[in-house]
> 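Take this structure first; my questions come after.
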Number of protein chains: 2
Amino acid sequence: MVTIDDVAELAGLSKSTVSRVINHYPHVSPAKKKKVYEAMEELGYVPNSSARSLRNKRTRMIAVIVPRLMNPFFGQLVESIEVAANQHGFQLLICQTMYSEETELGHLELLKTKQVDGIILASLENKWETITEYLSYGPLIMCNEFDVNAEVPIVKLDQIHGGYIATKHLIRQGHRRIAYCCGGFKSMVAHHRKIGFNKALKEHGLTFDERYGFYQAYTIENGMEVFKQIHEMKDPPTAVFTGSDEVAAGIITGAKEYGVHVPNELAVIGFDNQVISKITDPKISTVEQPIQMMAQKSVNVIVEKIKSQEQPRKERYELPLELIIRESTVGGPLRAVE
Amino acid sequence: MVTIDDVAELAGLSKSTVSRVINHYPHVSPAKKKKVYEAMEELGYVPNSSARSLRNKRTRMIAVIVPRLMNPFFGQLVESIEVAANQHGFQLLICQTMYSEETELGHLELLKTKQVDGIILASLENKWETITEYLSYGPLIMCNEFDVNAEVPIVKLDQIHGGYIATKHLIRQGHRRIAYCCGGFKSMVAHHRKIGFNKALKEHGLTFDERYGFYQAYTIENGMEVFKQIHEMKDPPTAVFTGSDEVAAGIITGAKEYGVHVPNELAVIGFDNQVISKITDPKISTVEQPIQMMAQKSVNVIVEKIKSQEQPRKERYELPLELIIRESTVGGPLRAVE
DNA sequence: TGATTTTTTGAAAACGTTTTCAATAACTTG
DNA sequence: CAAGTTATTGAAAACGTTTTCAAAAAATCA
């Protein structure tokens, strides 16, 4: 391995001078600077990053912790985070929890070992109190997922509003019996959507029938299963709010199999505006999430915390969601009377 | 920051001894071992990974270079690679080329700076000769994408066979005018599929009509566009081979819009067996790629190269592809006569 | 028992950088 | 021209580990 000493020797200078050239310090004479560059070129010298990290106490790496990449929402999120991080001169370490508490904690150790300069936490398998213990070891922010009381910056989407506008849209289409179908209990994201859902119901004097609640739906297959359960009810809902386009697609696929017309007999609304929502027949009405914006903001915030060296405090950044109306909800059992 | 010296002092021992305990060396008396553990516990000591990397000349990190994560194929690939890498005690750095040559080269610098112990290259924007220059800086293997002459280990799928079985299936269904629709010129993956495609045609005495060739199709939208072009032909193909389920889905969506029946008027076969292929109506016949297996093998190979320290040489690992027949190809214009 | 081997320990060097400190050289300024 | 700045450079220390080397202690052997 060629080191700075080799460069110094070839250039006939001290390694201090070489280092100054590498780091673009002032006060190096043009002649020597040229010599250093020539020597580096000739030897093909590249500074060793472990040595730099040790000395500088920064690794120029950040980690992002997500449940898993196959979920297209997180795929997109991580894609955008990587690009943004690179623009700031940071490398991105990817950590998946696979929905395991222990794995999540394992990844947080990266902060203790100083392997990364900061962490973007986009999952929350553990209780927030458990995460708290890691905060003193380096900057951590949350992205998308969150705990309301967490004393760190949080970049999130307005999920309450998302649940609200989607449900409101269903109600406007004339629906009164609306099912709620999402994935996960622990997630505050799901919880906030439910709050928005309830808010819309309440505004229109509707009450939620708990038989219409499905809280374990993640995949297309789950969606198909949910449809079957709905289909067997004697007074089934006329519309269903889902927590993801995949689940919505599953419900639509199930409906098709059983000859139930969407949206006329059952309206379905998705969440995420994934490609899949444009492919099904009918196309899925959904709620668009500004994933890229959230990614960029998250990177901006974590990078600022890293540079400023200050202990991150409670900050909130909330981005808007947008209703996208396609075919799976327009035209319902009753034409809308507001 | 609490260092090994702090632990040594509190334990009343030298840092050599502490280091030995940390690294589970033999020849440390149980009494002192206990003292060290107590001191570490009390101080909350965690070894600094930059220092370890510098001293040990290994970072326990590998990088994976892919075009982009939003492509669900790469999302799945990286997901599986991360899990496998973790099992081997490695962290995963994610690098996207976004189809840029320069960005790809930038990522390869990680090997020079010793920021990672090895690289899994699953993209190939540059010419192989360009990549060659990086090989002396550390182990690199290719995964999925490849160059036939590359003197490194390659873990790939049998794309020739994939193109062959898919096309053979279409021919068996009675098709004679078959379009070819894929993404990218540079990719050897696409090239090999075309070889398999041609082989199947040739076996049945068919020749390929270049008007039926589309080489820029990546997305659903591209697929829809391709359908339009096919639709306007005066003697259109009766079947189309596509390089991805997304493109196939786009073609099916386009066909539906124009009232063309799939598969009766146009058979479509996809590639990848992504979720999307189970959602469209009709469901898409496709070729299943053993992504997880490829990921695990890649990690095994790169880890072995890292551990053995030996210069990687030309090795080939080829995994099989499997035809999955669904609805988008069964029943064609002519019932099959072999 | 004395000689030999093995176990246990610590001091110091090493990994490859950056930074501090001090010294010298080269300018300014009056 | 002398005094005071400023620019340029190198030696050495520092970052936090692991490893080498040697010494001391303990165990084994004949």
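Residue numbers begin at 1 in each chain, while the letters A, B, ... track the order of the sequences. A quick note: this is a predicted structure, and the numbers were derived from the prediction, not measured.
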> Would one find a side-chain N or O of Lys32(B) under 4.0 angstrom from OP1 or OP2 of dT8(C)?
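For Lys32(B), the contact criterion (side-chain N or O under 4.0 Å from OP1 or OP2 of dT8(C)) is not met.
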
> Please state whether the phosphate of dT17(D), meaning OP1 or OP2, lies under 4.0 angstrom from any side-chain nitrogen or oxygen of Ser19(B).
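For dT17(D), OP1/OP2 do not have a side-chain N/O of Ser19(B) under 4.0 Å.
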
> Between dT17(D) and Lys15(B), counting only base atoms on the nucleotide and side-chain atoms on the residue, is there a donor-acceptor pair under 3.5 Å?
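Checked by distance alone, the answer is yes.
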
> Map Met1(A) and Pro26(B) onto DNA chain C by nearest heavy atom, then report which one ends up closer to the 5' terminus.
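Whichever sits nearer the 5' end wins; that is Pro26(B).
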
> For dG10(C) and Thr17(B) - does any side-chain N or O of the residue sit under 4.0 Å from the phosphate oxygens OP1/OP2?
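For dG10(C), OP1/OP2 do have a side-chain N/O of Thr17(B) under 4.0 Å.
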
> With a 3.5 Å cut-off and no angle check, do the side chains of Asn86(B) and Glu82(B) form a donor-acceptor pair?
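Distance-only check passes for Asn86(B) and Glu82(B).
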
> Take Val28(B) and Lys57(B), find for each the nucleotide of DNA chain C with the closest heavy atom, and name the residue whose nucleotide sits nearer the 5' end.
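Looking at the nearest nucleotide for each, Val28(B) comes out on the 5' side.
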
> Please state whether the phosphate of dA12(C), meaning OP1 or OP2, lies under 4.0 angstrom from any side-chain nitrogen or oxygen of Ser16(B).
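No.
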
> Report yes if at least one side-chain N or O of Arg52(A) is closer than 4.0 Å to OP1 or OP2 of dT18(C); otherwise report no.
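Checking dT18(C) against Arg52(A), a side-chain N or O does come within under 4.0 Å of OP1 or OP2.
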
> Have a look at Val46(A) and say if it touches a base, only the backbone sugar-phosphate, or nothing, with a 4.0 Å heavy-atom cut-off.
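Counting heavy atoms under 4.0 Å across all strands, the contact made by Val46(A) is with sugar-phosphate only.
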
> Report yes if at least one side-chain N or O of Asn48(B) is closer than 4.0 Å to OP1 or OP2 of dC15(D); otherwise report no.
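For Asn48(B), the contact criterion (side-chain N or O under 4.0 Å from OP1 or OP2 of dC15(D)) is not met.
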
> Looking at dT17(D), I'd like to know if its phosphate oxygens (OP1 or OP2) sit under 4.0 Å from a side-chain N or O belonging to Tyr45(B).
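Yes, because at least one side-chain N or O of Tyr45(B) sits under 4.0 Å from OP1 or OP2 of dT17(D).
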
